[in-house]
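Excluded from the calculations below are hydrogen atoms, water molecules and symmetry mates; all remaining heavy atoms, backbone and side chain alike, are included. Residues: numbered from 1 along the sequence shown.
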Amino acid sequence: MAEPADVHFLEQAASLKPPASPRAPGPLGDEECLRLFDAQLGSRHLDLAARWLRARDRGYYTIGSSGHEGNAAVAAALRPDDPALLHYRSGAFFLERARQAGEADPLRDVLLGVVAAAEDPIAGGRHKVFGSRRLHVIPQTSTIASHLPRALGVAFAIERSARLGVASPWPRDAVAVCSFGDASANHSTAAGAINAAVNCGFQGLPMPLLLVCEDNGIGISVRTPPGWIEAAYGSRPGLAYFPADGGDLEDACAASRRAAGWVREHRRPAFLHLRCVRLMGHAGSDVESAYRTPAEIAADLAADPLLRTARLLVDRGIATADEIVRLYEAKRRAVIRRAEQVEDAPRLASAAEVAAPIRYRVPGPRDRAEAPGGGERVTLAQAINGTLAGLLDERPGMVVFGEDVARKGGVYGVTRGLARRAGAARVFDTLLDEQSVLGLALGFGVAGMLPVPEIQYLAYLHNAADQIRGEAATLPFFSAGRYRNPMVVRIAAYAYQKGFGGHFHNDNAVAALRDVPGLVIASPARPDDAAGMLRACADAAERDGRICAFLEPIALYHARDLYEEGDGGWLAPAGGTVPLGRGRTYGDGRDLTIVTFANGLRMSLRAARRLRAGGVRCRVLDLRWLAPLPVDDLLREARATGAVLVADETRRTGGVSEGVLAALADAGFDGRAARVASEDSFIPLGDAAARVLLSEDAVAGAAGRLLGRPL
């Protein structure tokens with residue numbers, strides 16, 4: 001079925017008449033007008049081809065850019081080495097950027113993404129995205145503003161990397177550009193990122209960020225109140241505002257040049273407001289007539305930016321109506337020819353191929369040996385502090401930041417002294433906004449640096465978990481490893497603060513992290529492990545681009561003793577190496593294997609001593625890594641005793657024990673297995689916390705029941 005936008009353009013373009021006297025030249029030369037019109041035509045026909053492919057059951061993506069082709073003007077106002085984070089209606093921007101950089105065949109590249117071809121040069125068939133490392137276009141999926149915190153981080157990293165003398169993909173005077181729709185501008189993620197950008201500017205920190213809101217007045221079917229974007233952002237202190245008619249190529253170009261120039265000169269954020277229309281609905285499956293009147297749809301067709309550019313060309317005498325139609329149809333043939341060439345291109349053929357960019361690189365059995373640590377015996381907090389200091393000394397591209405990490409040295413003193421040691425440019429405090437903290441990390445990561453952000457408490461992570469799930473973890477996946485955003489996210493985690501602080505300072509929910517493909521989750525309990533695991537995470541981040549979550553048990557930060565007061569059993573030298581995905585075994589008992597981690601290790605070692613007094617010989621396996629799980633170590637220790645008890649301080653539902661028992665079942669373990677875990681409850685204030693958390697008594701009791709020896 002013919003698309004109304006296609007039919008309408010051809011009818012109206014063919015009837016264009018030149019004025020009695022040609023329109024006076026504007027800010028664009030004739031050749032530039034034709035070049036930008038070519039990008040707009042390419043974008044429109046990519047949309048039409050995507051629907052043609054879908055009708056043939058060869059294409060899988062039909063969200064298009066029709067009506068937004070004015071964003072070609074934004075690309076024209078920028079340089080090819082300005083990093084760009086584009087939303088999904090940025091076809092004309094991408095094509096103009098490709099022309100600027102001399103890209104061979106961007107039309108084919110986009111179509112390869114539409115058909116999910118394995119040779120797609122950015123995502124490798126995993127998603128249709130606008131992205132290219134050569135074009136400095138950082139790929140985003142169908143995000144709803146979740147890329148804005150990363151854009152904030154990219155803009156911040158442009159200047160900070162230069163200040164630190166660290167190599168960056170972008171020149172020091174680059175401008176980061178981020179595009180999004182009017183509906184996305186209302187998302188809390190967008191509001192937080194824009195607020196953080198303005199706050200940086202207010203403090204005098206360089207923030208060369210160009211925010212481009214392409215306002216078509218509707219988000220799928222929900223209308224944006226007329227005038228809302230201008231009211232919300234048009235007079236905000238610290239945010240320069242540049243309005244433009246996105247359908248008027250000359251006006252869009254003039255405003256885009258002013259906005260980009262302002263940001264490049266002043267190194268402050270600006271908001272470019274492009275008024276657009278949306279043609280052909282939200283996507284191919286969207287029936288606009290169900291929620292829009294015929295008059296509304298007709299008004300958008302009349303405001304088609306392609307038609308308005310065609311009228312500009314005719315009015316200025318650059319092209320005739322016949323020439324416009326010939327250009328339009330020639331572009332259609334070029335795009336369809338490429339669509340026919342790629343429609344049967346090979347797809348990803350196996351699970352291994354799909355997951356290749358995020359597959360764990362786990363050391364083999366010969367890498368299990370751990371170098372013994374030496375030197376002063378320290379606490380967990382001291383081990384982390386000393387390791388961070390050493391890493392900062394060794395790695396000039398490493399930065400440590402978060403809420404209260406610099407001047408105060410962290411809520412628990414874990415980062416004390418680091419700012420004095422490494423300087424304020426490398427260890428610094430941030431806003432109290434976890435999305436912005438992780439957005440900075442995302443920016444530093446793609447800039448080639450090693451960010452080590454801190455999330456003050458595990459409960460606070462949930463405010464911003466999508467920055468790890470939807471942005472950090474997906475970038476290597478949807479760029480086939482061409483883009484990486486390495487980071488080590490330190491998180492003060494778990495419970496057992498003796499009732500202090502309630503839920504938000506005692507959170508034992510890790511399911512949101514364990515569910516993220518490719519994420520490394522480290523959970524050290526002892527000082528020596530913490531030091532070695534932190535180094536392993538830093539290595540994996542720098543070497544493989546890994547995103548690592550480093551969960552630090554708050555209750556063990558300053559622990560010194562294991563069995564009795566004064567025994568110093570929890571102190572250890574902060575040395576040695578800890579291979580990724582390898583556990584650590586304590587004891588060699590033949591009756592029972594207790595599998596645990598974090599606070600559970602201390603409880604399990606104490607419970608094992610009690611069990612030994614009753615004649616039960618245990619070994620305790622500290623998983624240390626929650627992802628990837630040390631499955632080989634788990635199976636070895638489970639088979640050594642034939643009986644496994646999982647002591648899990650997280651919740652029964654969504655907790656770590658589910659994965660451990662599943663791994664045993666998958667491997668055909670036929671021994672006895674049970675688990676004991678914290679309750680499916682939030683953690684209350686005061687003594688009531690003990691009613692819902694795993695305890696030493698619970699571990700010992702569960703062990704006795706499993707072995708049929710009640711204690």
Side-chain angles (χ1 to χ4, degrees), residues 1-17 19 23 36-37 40-41 43-48 50-51 62-74 87-92 179-186 212-232 234 243-253 255 272-315 321 324-325 328:
M1 186 176 69
E3 286 289 346
D6 190 22
V7 174
H8 183 268
F9 177 86
L10 285 171
E11 290 176 349
Q12 296 300 311
S15 64
L16 290 173
K17 304 294 183 186
R23 179 172 167 178
L36 293 175
F37 186 52
Q40 292 182 318
L41 289 175
S43 180
R44 177 63 56 86
H45 282 295
L46 284 172
D47 289 355
L48 293 170
R51 294 173 183 234
T62 55
I63 297 178
S65 306
S66 295
H68 285 241
E69 290 89 351
N71 56 41
V74 183
H87 75 149
Y88 46 69
R89 301 200 192 279
S90 300
S179 61
F180 51 95
D182 51 292
S184 295
N186 295 308
V212 182
C213 179
E214 299 181 20
D215 179 4
N216 62 29
I218 194 167
I220 305 184
S221 66
V222 179
R223 290 167 175 78
T224 299
W228 166 246
I229 295 299
E230 182 176 4
D245 181 351
D248 182 330
L249 187 61
E250 290 185 311
D251 188 45
C253 282
L272 175 60
H273 180 194
L274 289 182
R275 296 185 300 279
C276 304
V277 294
R278 190 190 73 186
L279 304 179
M280 300 200 294
H282 175 70
S285 59
D286 182 29
V287 182
E288 278 194 295
S289 59
Y291 56 86
R292 301 188 80 190
T293 67
E296 289 172 332
I297 295 172
D300 278 0
L301 286 172
D304 182 351
L306 252 66
L307 187 59
R308 295 177 69 183
T309 301
R311 188 174 293 116
L312 169 67
L313 294 172
V314 172
D315 287 352
I324 293 293
V325 172
Y328 186 83

Side-chain ion pair, Asp304 and Arg44, N-O less than 4.0 Å:
yes

CG-CD1 distance between Leu313 and Ile324, expressed to the nearest 0.5 angstrom:
4.5 Å

Taking the side chain as every heavy atom from C-beta outward, state whether Leu279 and Glu3 have any atom pair closer than 4.5 Å.
no

Contact check, side chains of Asp215 and Trp228, non-hydrogen atoms, under 4.5 Å
no

Return yes if some donor-acceptor pair links the side-chain N/O of Arg51 with the main-chain N/O of Met280 below 3.5 Å, else return no.
yes

Assess the residue pair Leu36 and Thr309 against the criterion (side chain to side chain contact (heavy atoms under 4.5 Å, CB included)); give the C-alpha distance rounded to whole Å, side-chain angles, the decisive distance to 0.1 Å, and a yes or no.
CA-CA 9 Å; Leu36 293 175; Thr309 301; over 6 Å; no

In short, Ala13 meets Leu307 closest at the heavy-atom pair N-CD1, 3.8 Å

Interatomic distance, CD1@Ile220 vs CD@Glu288, rounded to 0.5 Å, equals 12.0 Å

Ignoring hydrogens, what is the shortest heavy-atom contact between Ala321 and Ala14? Give both atom names and the distance.
CB-O, 3.9 Å

Given the rule in the side chain to side chain contact (heavy atoms under 4.5 Å, CB included) test, do Leu312 and Phe37 qualify, once you have shown the distances and angles that lead to the verdict?
CA-CA 10 Å; Leu312 169 67; Phe37 186 52; over 6 Å; no

Listed partners of Ser15 passing side-chain contact (heavy atoms from CB on, under 4.5 Å), at least two apart
Gln12

Would you compute the distance between atom OG of Ser66 and atom CG of Asn216 and round it to the nearest 0.5 angstrom?
11.5 Å

Minimum heavy-atom distance Tyr88-His282, with the two atoms named
OH-CE1, 3.6 Å

Note: Pro305 and Val277 closest approach over all heavy atoms is CD-CG2, 4.1 Å

Using side-chain heavy atoms (C-beta onward) and a distance below 4.5 Å, is Leu249 in contact with Arg308?
no

Step by step, work out the side chain to side chain contact (heavy atoms under 4.5 Å, CB included) result for Val314 and Lys17.
CA-CA 7 Å; Val314 172; Lys17 304 294 183 186; over 6 Å; no

Backbone N/O of His68 and side chain of Asn71: donor-acceptor pair under 3.5 Å:
yes

Okay, side chain of Ser43, backbone of Gln40: is any donor-acceptor separation there less than 3.5 Å?
no

Rounded at 0.5 Å granularity, tell me how far CZ in Arg275 sits from CD in Glu214.
13.5 Å

For Asp251 and Asp245, indicate whether the former's side chain and the latter's backbone hold a donor-acceptor pair under 3.5 Å.
yes

What closest approach, in Å, do Ala2 and Val7 show between heavy atoms, and which atom pair accounts for it?
CB-CG2, 3.7 Å

Taking Arg89 for its side chain and Gly64 for its backbone only, find out whether a donor-acceptor pair lies under 3.5 Å.
yes

Identify the two heavy atoms, one from Thr62 and one from Gly284, that lie closest to each other, and give their separation to 0.1 Å.
OG1-N, 2.8 Å

Salt bridge (Lys or Arg N to Asp or Glu O under 4.0 Å) between Asp286 and Arg278, worked out
CA-CA 12 Å; Asp286 182 29; Arg278 190 190 73 186; 3.7 Å; yes

Might you work through the side chain to side chain contact (heavy atoms under 4.5 Å, CB included) test for Glu296 and Ile218, ending with a clear yes or no?
CA-CA 11 Å; Glu296 289 172 332; Ile218 194 167; over 6 Å; no

From Ile229 atom CD1 to Leu274 atom CG, the distance as rounded to the nearest 0.5 Å
12.0 Å

Answer yes or no: is there a donor N or O on one side and an acceptor on the other, between the side chain of Glu69 and the main chain of Ala92, under 3.5 Å?
no

Between Asp47 (side chain) and Ser65 (backbone), is there a donor-acceptor pair under 3.5 Å?
yes

Distance in Å, His8 NE2 paired with Ile297 CD1, rounded so as to fall on 0.5 Å steps
12.5 Å

